[in-house]
Structures are given as structure tokens and as C-alpha cells.
Peer 1: 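Pasting a structure below so you can have a look.
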Amino acid sequence: MRRHTGPDAYKELFEPTTIGSLQVRNHYAMAPMGPLGLSTSDGGWNQRGIEYYAARARGGIGMIITGVCQVTNPVEHVPSGMMPNPTLSPGNFLRTSRELVEKVHAYDSKIVLQVGAGFGRVVMKSILGGERPAAPSEVPYCWDPSITCREITRDEIHQIVANFRIAAGVARAAGYDAIQVHAVHEGYLLDQFAIEKMNRRTDEYGGSLENRLRFAREIVEAVHETVGDDFPVQLRFSVKSMMKDWNHGAMPGEEFQEAGRDVDEGIEAARLLRSYGYDAFDIDVGCYDSWYWNHPPMYQEKGLYLPYAQQLKEAIPDLPIIVAGRLDDPDLALRATREIGAEMVSLGRPVLADADIANKIGQGRLESIRPCISCQEGCLGRIEEYSTLGCAVNPEACREADLKLLAVPPHRRRKVMIIGGGVAGMEAARVLAERGHTPVLFEKADHLGGVVVAGGQPSFKDDDLDLVAWYEHELAQLEVEIHLGAEVTARTIDECGADELIVATGSTPRHLPIDFGPIPVVEATDALLDQEAVGQKVAIVGGGTTGCELALSLRERGREVTVVELEEGLLAKNGPLCAANRDMLRTLVGFRGTRVLTGSSVISGSAEGLEVRTPSGTEKVAADTVITATGYASYRQLWEAIDGSPVPKHLLGDARRVSNIMYAIWDAYEVASKI
Ligand SMILES: Cc1cc2nc3c(=O)[nH]c(=O)nc-3n(C[C@H](O)[C@H](O)[C@H](O)COP(=O)(O)O)c2cc1C
Ligand code: SF4
């Protein structure tokens, strides 16, 4: 956030609040995020998990909600130890939880254990193996509709309810301040029971809304029976599903028929669930068939759940709610609390990106917040692969316990010359300076940021520009010597007299040997930087991330846009790692009115436009500008020129391997933290 505020601007967000029966020191909660890789093999919290949450409490969050801890095995052949599980070895969960709870309480923060009944038809493909997922009914498996789920039995339901009793007992004994049931939410197992389309049962768990909510009711009743009525039980709750059909969500602003739960049913469900004993609702919208709503990429608005929070609060004013969803801007948090009356605002990915975000907001230091860029590469994308949770822009997220920055003893301090001021070069300079080395940064352009500056031009990529601004701010605070407009030669390197060299010279665009005739051709990076200069009818050659984002941005500026892509689909290669981002971008391009020709190649160009070979013949594409977005190649000229230099050297970022912001930052952190 490139904004300065005084320390009092957001004072009211830091006043004490109450959520249900729980008193909290301020209005900031940490949203639950799947704690993959944060557990011991028998389902307790490992040291990484404990330090990860403690760091967020230390960073000013008033109430931590842990990521979901299942009380079942996701699928039988997978060892459950990948995620904490209070029922697998309750004694061990209790022991490790006590340490976690004590640390969080030391900062006067509360900690809520989120407990889930399992994934049902949305269990990750990476762990499914040959099993059939168990869902309320025989409905299509979310990630492969050719697989039909098996119907979960009544005995299995009763076993899950019994497991919640164990979990609640352990949670209370460990000192958690509440539990949160991961229930009518996001299309997980309990939500599949609640949504009519996914629940075709004819027993007491299917049919009427009351029947479909029976499973969630039995859980809250069992919890209260076990641990008493005074132990708060929150509910994760999606007000609306945003689902058009199996695997098809709605685009923002789209008129559509809701196939899951609409807002009216959401309000009715909230009334019932509250009467069953849930005392606070942690809300969002979406389900896995529309998962760019519950896991919003940068193409979604900030504060996207606020209109739904408002409708729920208007219908049930005394319902205590927590609301999440791209709320890192404290002005939006104020809107949530002041105008909508939300008791708490929760931050998920923004606290992965910056553990100290709440304190920084409280102190009015917005410019020092490391922004989440909603890329989902390091967090959700990693979870999809069943890897440890992390963050693209913060390599220390979830590694607080084992990756502390080590100060360098004075006799080992090095002068390190860094060539290239993109994110890789800037991250290397930041980490080296933090550790006590002396980095000197040289950048050919007259500004820092490299390709991220061009990539950040579309309106929905503002956070990328904030990331560059954050690096500039950090490097200034650390007094890093920076030379802009500096073309580095072998002589500059000699003159610098560095002990080590880092080369992070980035990449250059690839050019395909296509003859576009008389039509002006602009490279994607240049087009992004000067979108007003491109013509009215634009043909973009290349449907990767850059081509698709450029298409969206040019449509926003009223241009007629066609994307021509050789592969059979957009984003077929090198698209976003996280499928929620990929699916949304791919769908949004067509939805916003871009013509898309896939499996197609340009034959020739003339004054009228392009002739394109498509799978069904040839097509004319009217175009007064062609933009090439055909990928990038590592730029290593300097690296090769200094091959013989005896100075120890490292090749980083796109110059080593063209990839994404995450790998540029992670690689730089890894190398710079070991020099
Ligand atoms: C990596 C990741 C894991 C998540 N896991 C959970 C979870 O375990 N339980 C849950 O209720 N929500 C989960 N969510 C949803 C978040 O709680 C939150 O609603 C969402 O990320 C939007 O908020 P944000 O923009 O502040 O991140 C997860 C989100 C992410 C990014
Ligand atoms: S990986 Fe991307 S989306 Fe996830 S927290 Fe980090 S910056 Fe945000």
C-alpha cells in the first residue's frame, strides 16, 4: 500500500471486540488456511506450525483461527500426518497444542481450532489414488467428473460426529479459546450435505433444509454435550455458492441461475444453524465448483465478500460475524466494521505475506507492509500439489522455526555486487543487507522492478506494483547502494571490487518468425507499459498468462481483442500454477468479450488484418496492431562474458530459468541467506 497514514487512522480497528461469547483484543482475525506440512507424523503440531502461528500473534492479530484440522483420514491409503488431526493421537495433539496455545496467549491473542469433517467429493486429486471419494450421494467427483463418488453411510456419519466429540474435548483441555467447525462452507463434505444439488439422500440427512443441516447440527450438539455450553463454537459458513453447474462458477457481474445455495437460503440456513448452537459465523462465498470465489485470485475485487456480509447482517443484525476476502486495505476493514457491523475482519493470505501486517496497520506504517499479490502460487497452488503451505513473496512463511535470518560475523561480511534490479536482485539485496553484508545493486533501467513493472500495469495487478514499491522502501531503509541506469561491463565489475557476484539480468522476449505484413507489431511488455498507444483492433499472438492478462486489460480500455494461440487451450503451458487462478483467467477472457482462437496459427498479415489457420479451416482477424506474447528466454549475455572471472558468482531469477515471481524470490532468498 503506497500510502502514509498517522498511527491513529485505524485506531478503532484496534479496540477490543466480542465475537459470540469471546472477548478479543482487536478486530483482526487470521483466516484459517490449510496447515499442510505443519504437523508431526501422528497428527500433532510440529515446531514449524507452532512458530508460524506465534509469529502472527506477535504481529498483532487478535484472534488466530488455525487451518482446518480434519477429524477423519482424507482417503484411507494416505497417512494423515500431513495435516494436524486431533483424533489420530489425541495425547500428542494435546501436548503440541498446549505449546501452541501458550505461545499465542503470551501475546494476549486468542486461538481458535478449526476442525473439519473431511473433503468428500473435493478431496485433492494428488492424494486420491485409486479410491472413490465418499460424498453425501453418488455425485460427480469435483476434479474428474468421470468418477462418481460413493454414498457415505449413516455409520460413517455417526463416527465423524463421535470424532468431533474427541476433538472438542482435546481442544478445551489444550486451552484453545473456541473451536470453529469447518461446516457449511466452500463445498467440503458438510457443505455437500447442505447443498441440494449434491445431496440426494432419502434418509434423515437429505430432503428438507433442516435435514440437510442435520449433520452440522449433530456436530454442534455433540460438541456442547462434551465440553459444555460455555465453550464457543464458531462456524465457517459460505453465504452463497456462486455455482452455475458442476464445475462452472459465475464470473463477477454475471447474471446466472444459482445451482448451489443462494443468499435467501444462506440466510435461512444461518438462522437455523444459530438456533442449533453455533455462536459466531465466519463468512465468505463460493464452493469448489466456483472456487475463484472462495479462493479469490487478483482478478476478483478487493473486499468481494462484503456485499454478502451486508445482506446477512441486514437480515440477522445480531448475528456475530467475521468476514474475510482480500481485506488487506484497512479502509475496507473499516467499511466492514463501521458500515456493515462485522465484529471481526479476517486476513488470510495477507498474513502469510506479512506476519506483522496488523501491527503495521496499527502503527500507520502501510508502506512497510509486504503485499500479498493474490497469485496463490506459494499457498493454494502448493496445497493443490500436497506440498507445505508457503508464500510466493515471503519465503519465510511457515518456516519461521527453521529459517531465521542469521547475522553474519564481522570477519565474514562480504561486499556483494548484484547485477539486475528485478525482484530476484532486490530480494537478494534485501536479505544480504538484513544479514549484515554490503550489497551494491546495479540496474540498467532507470527504475527497479524489472518485468514486474510491465506485468503490474493492468488495473487488477496493482499489488504487483505495491510489491516493487515495498522493495524500494525496504532497500532505502536498509541503505542499500543502488545504481540505476547503469550498464554493467567487465570493467564495472572490476571497479566494484566485490567479494561475490549475483547476476539477475532477467529475460528477453522470444520472437517467432512470423510475417505480419504491414501491421505494426508491438512486444507484450511494451504494449503493457503503453496501452494507450496500441490500436483499436488488436490481435494478441500467444495465450499464456501475459497474453490473457493483456487481453483483459485492453478490453477494459475498450479495445477489440482477438487472442491467437497455437495450443488447444489458453494457458495450456506456463499458466498460473494454482488452478483457481488459471480457471478464472481462462474463463474471464472469453466472458469479457475477447475472441479466442486456439489450436490456431497466423498464416499472413495484410492491411485488413491477419489470416489465421484454425482447426476448422482459416479465419480473418481484423487487426490494426499485433502484439506478440510468445514467451521469454533467459538473458545471460553478461553471465557468459564473465565466465572466467575468479570471483564467486551466482545466477538468479529469470536469467537462470524463466519462471515466476515466486521462484525469483525464493531462489534469491535461498542463495542470499547462505552467503
Ligand atoms: C492456502 C489456503 C488455504 C485455506 N484453507 C482454509 C481452511 O483450512 N479453512 C477455511 O475455512 N478456509 C481456508 N481458506 C480460505 C481462507 O480462510 C480465506 O477465506 C480466503 O483465503 C480469503 O481471504 P484472504 O483474501 O484474506 O486470503 C484457505 C485459503 C488459502 C489461500
Ligand atoms: S502465495 Fe501469493 S496469494 Fe498466497 S499469500 Fe503469498 S502472495 Fe498471497
Side-chain angles (χ1 to χ4, degrees), residues 19-20 31-32 114 116-117 120 122 136 180-199 205-217 219-220 233-245 248-250 252-296 300-301 303-325 327 336 340-346:
I19 180 80
Q114 192 185 68
V122 302
Q180 184 176 98
V181 179
H182 189 238
V184 184
H185 176 239
E186 286 196 358
Y188 285 97
L189 181 65
L190 284 167
D191 205 16
Q192 292 156 34
F193 271 83
I195 294 176
E196 200 171 5
K197 188 177 174 69
M198 303 177 189
N199 179 349
Y205 294 100
S208 66
L209 181 60
E210 283 83 348
N211 277 359
R212 285 182 273 126
L213 296 176
R214 186 179 302 279
F215 196 174
R217 176 182 192 157
I219 289 171
V220 70
V233 186
Q234 305 175 350
L235 177 82
R236 195 85 216 259
F237 180 69
S238 304
V239 181
K240 188 178 200 256
S241 301
M242 287 289 186
M243 178 188 176
K244 289 198 289 184
D245 200 354
H248 292 287
E254 184 176 5
E255 291 286 334
F256 71 105
Q257 181 85 34
E258 175 65 65
R261 178 171 48 253
D262 62 14
V263 175
D264 289 344
E265 188 176 301
I267 291 169
E268 185 52 25
R271 280 206 180 91
L272 287 169
L273 288 158
R274 189 186 195 191
S275 73
Y276 300 155
Y278 290 104
D279 77 344
F281 285 60
D282 180 2
I283 68 145
D284 68 353
V285 300
C287 73
Y288 273 86
D289 296 83
S290 64
W291 65 330
Y292 26 77
W293 285 97
N294 40 341
H295 290 288
Q300 292 278 20
E301 295 276 304
L304 72 167
Y305 306 146
L306 294 183
Y308 305 95
Q310 184 156 10
Q311 289 180 67
L312 188 64
K313 266 289 197 188
E314 277 167 8
I316 320 176
D318 61 346
L319 187 78
I321 66 164
I322 305 159
V323 59
L327 288 176
I340 296 172
E343 280 70 11
M344 296 198 78
V345 164
S346 85

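These values consider heavy atoms only, across backbone and side chains, with no hydrogens, waters or symmetry-generated copies.
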Peer 1: Give, for atom OG of Ser275 and atom CD of Glu210, the distance between the pair rounded to the nearest 0.5 Å.
Peer 2: 9.0 Å
Peer 1: Ion pair present between Asp191 and Arg236, side-chain N to carboxylate O less than 4.0 angstrom?
Peer 2: no
Peer 1: Do Leu304 and Val285 have side-chain heavy atoms sitting under 4.5 Å apart?
Peer 2: no
Peer 1: In terms of the angle between their ring planes, are Phe237 and Phe281 parallel, tilted or perpendicular, with boundaries placed at 30° and 60°?
Peer 2: perpendicular
Peer 1: Would you say that Tyr278 contacts Ile219 through its side chain, given a criterion of any heavy-atom pair below 4.5 Å between the two side chains?
Peer 2: yes
Peer 1: Measure the CG-CG distance between Leu319 and Asp279 for me, rounded to the nearest 0.5 Å.
Peer 2: 10.0 Å
Peer 1: Can you tell if the side chain of Trp291 reaches within under 4.5 Å of the side chain of Val122, non-hydrogen atoms only?
Peer 2: no
Peer 1: Look at the side chain of Tyr292 and the backbone N and O of Ala250, then say whether any donor-acceptor pair between them is shorter than 3.5 Å.
Peer 2: no
Peer 1: Are any of the side-chain heavy atoms of Ile19 and Ile322 separated by less than 4.5 Å?
Peer 2: yes
Peer 1: Is Lys313 salt-bridged to Glu343, cutoff N-O under 4.0 Å?
Peer 2: yes
Peer 1: To the nearest 0.5 Å, what is the distance between CG (Asp289) and CE (Met242)?
Peer 2: 14.0 Å
Peer 1: Let me confirm one number: the CD1-CD distance from Ile321 to Gln234, rounded to the nearest 0.5 Å.
Peer 2: 12.5 Å
Peer 1: Decide yes or no for Arg214 and Phe193: does some side-chain heavy atom of the first lie under 4.5 Å from some side-chain heavy atom of the second?
Peer 2: no
Peer 1: Do Asn294 and Tyr288 have side chains that approach each other closer than 4.5 Å (heavy atoms only, starting at C-beta)?
Peer 2: yes
Peer 1: Give me the atom names and distance for the closest heavy-atom approach of Ala309 to Val323.
Peer 2: CB-CG2, 4.1 Å
Peer 1: Measure the shortest side-chain to side-chain distance between Glu301 and Pro252 over non-hydrogen atoms and say whether it is less than 4.5 angstrom.
Peer 2: no
Peer 1: Given Lys240, which of Glu265, Arg261, Glu258 fulfils the side chain to side chain contact (heavy atoms under 4.5 Å, CB included) condition?
Peer 2: Glu258
Peer 1: What distance separates Arg212 CZ from Leu272 CG, expressed to the nearest 0.5 Å?
Peer 2: 10.5 Å
Peer 1: For the residue pair Ala280 and Gly20, what are the closest heavy atoms and their distance?
Peer 2: CB-N, 4.2 Å
Peer 1: Out of curiosity, Cys287 SG to Lys197 NZ, how far, rounded to the nearest 0.5 Å?
Peer 2: 10.5 Å
Peer 1: Quick one: does Gln180's side chain have a donor or acceptor within less than 3.5 Å of a partner on Leu235's backbone?
Peer 2: no
Peer 1: With a 4.5 Å limit on heavy-atom distance, are the side chains of Gln311 and Val239 in contact?
Peer 2: no
